[in-house]
There are 2 protein chains.
Amino acid sequence: MPDTARDKILKQSLIFSSLNADELAELSALAIERRFQPDEFVFWEGDAPDYFYIVVEGRIKVRKYASSGKEFIIAFFGPGEMFGEVAVFENKPYPASAQTAAATRILGIQKDKYLSFLANHPRVAISTINVLGGRLRDAQNRLKDLAGERVEQRLARTLLMLSAKLGPTLPFTRQELADMAGTTTETAFRITSQLKEREIIRSVRGKITILDADKLRLLGEGPPQV
Amino acid sequence: MPDTARDKILKQSLIFSSLNADELAELSALAIERRFQPDEFVFWEGDAPDYFYIVVEGRIKVRKYASSGKEFIIAFFGPGEMFGEVAVFENKPYPASAQTAAATRILGIQKDKYLSFLANHPRVAISTINVLGGRLRDAQNRLKDLAGERVEQRLARTLLMLSAKLGPTLPFTRQELADMAGTTTETAFRITSQLKEREIIRSVRGKITILDADKLRLLGEGPPQV
DNA sequence: CGCCTATTTGAAAACCGTCAAAGTATGTGG
DNA sequence: CCACATACTTTGACGGTTTTCAAATAGGCG
């Protein structure tokens, strides 16, 4: 019996939205489902890439460790989003580790199977190209930010980026925010503390709420030169 | 009369290596050629994306400006490499500016034409996916580096990355190196000066030669803790 | 209730950016 | 062929941002 919830996620997923019911069923047949508890690892940086994945339910954190031991969070992914794709499309080891941030269900599709599927479904190939293009754009934006902006700007932009995806209430700790913006917990705290005083954000343990996105956007633009 | 030099570049290009002669001719017919003097701009950040490009001859520098006015060099591209693709595949304005770093010939293919070409040539679509995957991997690596490492490590890794692509002699100024590593000219100079004293690199105006990649790799790993 | 994690605060120092300035190669025009 | 302009290189001093280290508090989960 087909799993309709699974098909629904596939259908809603940006990459597969162009498929009809038959094609979705075909794709669905290729996929295996895996379930994880919070904080389990789906794969580790350096693992051989057999599968790429799509989140059905829950949340995935993709992280990479610097030589100093410090970690950097490359991205979070939620339902309908794919991850682990860089490794698969390049046939090299996973460049980062994927860890669940909640109880999570994911669909895995074997590399070779997906590649032949793509060969027969050019629209999906083009969708995949679009998704990768978008990720590349995001990555380049963040590169520029990390290279040229102050921590305050980086944090403001990180918050805005997350909020664009997840809405005004963000389920992240300061630690995670710091790891996404490329700074330390303490500095992240000091800055967010100021933002709280200025009533731009609010925060409780593990959650950050954006109160005034406009002011945050101004902050992200640059130092208050006037 | 077909331009054989052009076809040769297309053939050598990673994305189109799977095409046969007829398909290459078909693709070549879609392309227009543009020629530039050094330091001219092919497109500016924010321009509408009509074309994506492939370098035939010369060198392209892709840069992006931070709100502080500081610029960041996202990438350099040489013969056979494509650029401007992020904008085209996402149908959003170019996310960065492209400037020639030498007398340069490029091929431009119109967005819509390329997308239909992809639809009929799944192998090219998959090649495109591979190239994008590789770029995404590189971008994520650099993200991690910029976020967590000291300038010395960032410079060391930038040099290694460039050298992996271009060989031991790199045609860059300290200014450009600084803009790629996300630091200032002065700091870049101070660090490279040390590297020169330790005989890890050599440099003359506008050129940097890597003498000892192993030592550089050690430096890139992290601070000399032992 | 106790442990673990997240939050919060403080002080000192390191790192790096900024400003200022001078020297030096490269190429251009006279 | 030389003078000059330009851009790249080089050096020094200072100050600010951010990291680092240390420690105390508080909230949530078992």
Looking at Arg59(B), Lys165(B), Arg135(B), which hits side-chain hydrogen bond (donor to acceptor under 3.5 Å, both in side chains) with Glu81(B)?
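When Arg59(B), Lys165(B), Arg135(B) are each tested with Glu81(B), the side-chain hydrogen bond (donor to acceptor under 3.5 Å, both in side chains) holds only for Lys165(B).
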
Would you name the heavy atoms of Gly108(B) and Tyr53(B) that are closest together and state the gap between them?
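Closest approach of Gly108(B) to Tyr53(B), heavy atoms only: CA-CD2, 3.4 Å.
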
Taking Ser203(B) for its side chain and Ile208(B) for its backbone only, find out whether a donor-acceptor pair lies under 3.5 Å.
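Here the side-chain-to-backbone pair does not exist.
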
Counting N and O atoms only, with roles assigned by atom type, does the side chain of Lys11(A) sit under 3.5 Å from a partner on the main chain of Ser17(A), one being a donor and the other an acceptor?
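It does hold such a pair.
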
Taking salt bridge (Lys or Arg N to Asp or Glu O under 4.0 Å) as the criterion, tell me which of Arg154(A), Arg157(A), Arg142(A) meets it with Glu149(A).
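The option that passes is Arg157(A).
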
What I'd like to find out is whether the side chain of Ile54(A) reaches to under 4.5 Å of the side chain of Ile106(A), using heavy atoms alone.
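Of all side-chain heavy-atom pairs linking Ile106(A) with Ile54(A), none is under 4.5 Å.
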
Rounded off to whole Å, could you give me the [atom1]-to-[atom2] distance for the [X] and [N] pair?
| X | N | atom1 | atom2 | answer |
| --- | --- | --- | --- | --- |
| Lys207(B) | dA7(D) | NZ | C1' | 17 Å |
| Ile201(B) | dT9(D) | CD1 | P | 11 Å |
| Phe172(B) | dT9(D) | CZ | C1' | 18 Å |

Can you give me the first and the last nucleotide of DNA chain C (5' to 3') that has an atom within less than 4.0 angstrom of a non-hydrogen atom in chain A?
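Counting from the 5' end, contacts occupy dT5(C) to dA11(C).
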
Let me check the geometry of the helix from dC1(C)-dG30(D) to dG30(C)-dC1(D). What is the bend angle between the axes at its two ends, five pairs each, to 10°?
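The helix from dC1(C)-dG30(D) to dG30(C)-dC1(D) shows an end-to-end axis angle of 40°.
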
State the OG1-CG distance between Thr183(B) and Leu177(B), to the nearest 0.5 angstrom.
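The OG1 atom of Thr183(B) sits 9.5 Å away from the CG atom of Leu177(B).
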
Indicate the ring-plane relationship of Phe16(B) and Tyr114(B), choosing parallel, tilted or perpendicular according to the 30° and 60° boundaries.
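It falls in the perpendicular class, over 60°.
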
Counting the benzene-type ring for Trp, do Phe76(B) and Phe172(B) have ring centres under 6.0 Å apart?
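They qualify: ring centres under 6.0 Å apart.
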
At under 4.0 Å between heavy atoms, which parts of nucleotides 19-30 of chain D does protein reach? Answer with one letter per nucleotide, 5' to 3': B base, S sugar-phosphate only, - none.
BBB-----BS--

Considering every strand and a 4.0 Å limit on heavy-atom distances, what is the contact class for Ser193(B): base, sugar-phosphate, or nothing?
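Sugar-phosphate, no base atom in range.
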
Can a salt bridge be assigned to the pair Arg35(A) and Glu33(A) using a cut-off of 4.0 Å between side-chain N and carboxylate O?
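Yes, this pair counts.
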
